Protein chains: 2
Amino acid sequence: MAETKPQMKDAYEMILEAIDVGVYRPGDRLVESELAVRFGVSRTPIREALQRLETQSLLTRDGRSLIVASLDHNQLAELYAVRAELEGLAARLAARHAAPEEIRVLNDLIEEDRALLGDPAALSRANRRFHKQIHLASHNRFLVQQLDLVHRSMALLATTSLAVEGRDEDALAEHERIVTAIAAGDGDAAHAALKEHISKAFETRLKHDAAAVEASA
Amino acid sequence: MAETKPQMKDAYEMILEAIDVGVYRPGDRLVESELAVRFGVSRTPIREALQRLETQSLLTRDGRSLIVASLDHNQLAELYAVRAELEGLAARLAARHAAPEEIRVLNDLIEEDRALLGDPAALSRANRRFHKQIHLASHNRFLVQQLDLVHRSMALLATTSLAVEGRDEDALAEHERIVTAIAAGDGDAAHAALKEHISKAFETRLKHDAAAVEASA
DNA sequence: CCGGTTAGGATACCGTGGCATACCCTAGAC
DNA sequence: GTCTAGGGTATGCCACGGTATCCTAACCGG
């Protein structure tokens, strides 16, 4: 008899998803007992989950209480700098090590992208799968792990840059260039294309954030 | 009145150090209750620590039991590939952002290196401090965090490559080139010098491991 | 009368102990 | 020799108590 809990996963996954979906936003305080009743478990698994999230810098300590980490402008730039480098490496390695089947999957994911133009939420999910597939194609487990961490930190960013007008089509074109380079086994080109892709995404985010500040003033 | 426990740190630090020192070696199984009595604490903090170590891939699950992760040849290569890229990025950023005081500290650390030639254990510790200082000089908190992870994984490797005959002097010369490039603000040179440094260390390790296999045959 | 300091209460975290469960290993029977 | 059943063991969870910290309010000094 399965419980009718919100999720069947463990506490860690549930809290992570809650942050990702936006139930908890940067700056929010997380209280053990509160999470315990929300998810219908005891405080012990909650504690373990919170510690794991803290080691990943998704939560920070403010005094004795844990709050959802927030990224200021500097940290955003730092995050994107590391991301560009690691994604670039993944592309270079993927160009060298990807199996033909993996390249076909990448092409399929691009078709999926094309079908989803104009639906930012769905595009964002498809985008994650696309990048994850490249990470896996690098055939480097440490790199996959590191990139997982980076992408988890990006859950702290509320908006997806794919929601910005025109960004979805540009991103699609960039994806195509990346896969083309990987399929050709051209590591340098794949590296450059992916770094450029991340750079453009960062630029879009900065513009959008600046516009948001403008609008609120 | 302070207890006379082996360490005053928390369970996480204690287990990490035990792995680093070699009390627990790759492949060893870690049992909660066993660690609990060894460190004189209850099972709960042990459990939390083990989970944190598992998320960092220092421990892996074999069935329901946790064992210290071991790195095969492929994983070693993967680890060094990621490390080279991240350390290279750190050097590039350090060349751009390091404060004069930080560069002086780096030069001091090189002097320390020189004084310790021939003492592999001490050199290894000094080496960690040197690289950590470069990470910090990058002024990129995410990069520091990622590199911490990488270096923690290297605790799984029993030997330091600095123990190999002649490697210490080569490493010192390489350190000097790195700091010179950083001090000159030459990001490209610093990047190249550090990548080369990591590459040489990897090469040394491979040679040494091959020789060990030879000897045991 | 206002500001700073201190003391007290409350709240939330950390660690301990114990219980249930699921898995593994072993021994016995077919 | 293989399959099954039973016991043992380690893990996962929970409830509780101690303790450190934070907030608030009252008191004292200026």
Side-chain angles (χ1 to χ4, degrees), chain A residues 1-19 23-70 152 156, chain B residues 1-19 23-70 145 148 152 156:
Chain A
M1 171 168 65
E3 293 283 342
T4 326
K5 298 287 170 54
Q7 291 102 343
M8 295 281 297
K9 317 168 192 179
D10 64 350
Y12 172 77
E13 295 286 343
M14 291 194 289
I15 297 174
L16 189 60
E17 186 168 334
I19 293 175
V23 177
Y24 296 109
R25 299 178 165 282
D28 286 357
R29 183 175 175 196
L30 296 184
V31 180
E32 283 183 11
S33 51
E34 186 183 312
L35 293 166
V37 298
R38 172 189 279 268
F39 295 120
V41 293
S42 180
R43 279 176 41 220
T44 305
I46 298 291
R47 266 197 61 175
E48 294 163 351
L50 292 179
Q51 289 201 2
R52 288 174 65 185
L53 291 167
E54 186 190 355
T55 61
Q56 296 174 5
S57 296
L58 283 168
L59 304 177
T60 56
R61 289 212 164 274
D62 175 40
R64 82 182 150 198
S65 61
L66 282 173
I67 61 174
V68 180
S70 56
R152 228 163 283 161
L156 297 172
Chain B
M1 172 165 66
E3 292 284 339
T4 326
K5 298 288 167 55
Q7 291 102 342
M8 295 282 296
K9 318 167 193 179
D10 64 349
Y12 173 76
E13 294 286 344
M14 292 194 288
I15 297 173
L16 189 60
E17 185 168 334
I19 293 174
V23 176
Y24 295 111
R25 299 178 165 282
D28 287 357
R29 183 176 175 197
L30 296 185
V31 180
E32 286 182 11
S33 50
E34 187 182 312
L35 293 165
V37 298
R38 170 189 280 269
F39 295 120
V41 293
S42 181
R43 273 179 44 224
T44 305
I46 298 291
R47 235 184 94 82
E48 293 163 352
L50 292 179
Q51 288 201 2
R52 288 173 64 185
L53 291 167
E54 186 190 355
T55 61
Q56 297 174 4
S57 295
L58 283 166
L59 305 177
T60 56
R61 289 209 166 275
D62 176 39
R64 83 183 148 195
S65 62
L66 283 173
I67 61 174
V68 180
S70 56
Q145 183 188 342
D148 274 349
R152 228 164 282 161
L156 297 171

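Keep in mind that this is a model prediction, so the values were computed, not measured. Chain letters run A, B, ... following the sequence lines, proteins first, then strands; residues in each count from 1.
- At least one donor-acceptor pair closer than 3.5 Å links the side chain of A:Asp10 to the backbone N or O of A:Glu13.
- Between A:Leu66 and A:Thr44, it is A:Leu66 whose nearest contact on DNA chain C lies nearer the 5' terminus.
- Rounding to whole angstrom units, CG of residue B:Asp62 and C1' of C:dC23 are separated by 13 Å.
- Atom CD1 in B:Ile46 sits roughly 10 Å away from atom P in C:dG15 (whole-Å rounding).
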Subject >> side-chain contact (heavy atoms from CB on, under 4.5 Å) evaluation trace for A:Leu30 with A:Glu34 >> reply: CA-CA 8 Å; A:Leu30 296 184; A:Glu34 186 183 312; over 6 Å; no
**OP:** Could you check A:Asp28 against A:Ile19 for side-chain contact (heavy atoms from CB on, under 4.5 Å), going step by step and ending with a plain yes or no?
**Re:** CA-CA 10 Å; A:Asp28 286 357; A:Ile19 293 175; over 6 Å; no
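- In this structure, the CG atom of B:Asp10 is 13 Å from the C1' atom of C:dG15, given to the nearest Å.
- Judged by distance alone with a 3.5 Å cut-off, no donor-acceptor contact links the side chain of B:Arg43 to the base of C:dG15.
- With distances taken from any side-chain atom of B:Pro45 to the nucleotides C:dA12, C:dC14, C:dG15, the minimum falls on C:dG15.
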Original post:
Are B:Val68 and B:Leu58 close enough, and set up right, to give a side-chain contact (heavy atoms from CB on, under 4.5 Å), and what steps lead you there?
Top reply: CA-CA 6 Å; B:Val68 180; B:Leu58 283 166; over 6 Å; no
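- One can place OH of A:Tyr12 at 19 Å from C1' of D:dG12, the figure rounded to the nearest angstrom.
- Residue-level contact check: B:Leu30 touches the backbone only, with heavy atoms under 4.0 Å from sugar-phosphate atoms and none from bases.
- Rounded to an integer number of Å, the gap from CZ of A:Arg61 to P of D:dT21 is 12 Å.
- Under 3.5 Å, the side chain of A:Arg47 and the base of C:dG15 form at least one donor-acceptor pair of N or O atoms.
- Phosphate proximity of C:dG15 to B:Ser42: absent, as no side-chain N or O sits under 4.0 Å from OP1 or OP2.
- Taking atom CD on B:Glu32 and atom P on D:dC13, their separation rounds to 11 Å, with Å as the unit.
- Rounded to an integer number of Å, the gap from B:Glu34 CD to D:dT9 P is 14 Å.
- Between the CD atom of B:Gln51 and the C1' atom of D:dC13 there is a distance of 12 Å, rounded to whole Å.
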**OP:** Apply side-chain contact (heavy atoms from CB on, under 4.5 Å) to B:Leu66 and B:Arg29, showing your working.
**Re:** CA-CA 6 Å; B:Leu66 283 173; B:Arg29 183 176 175 197; over 6 Å; no
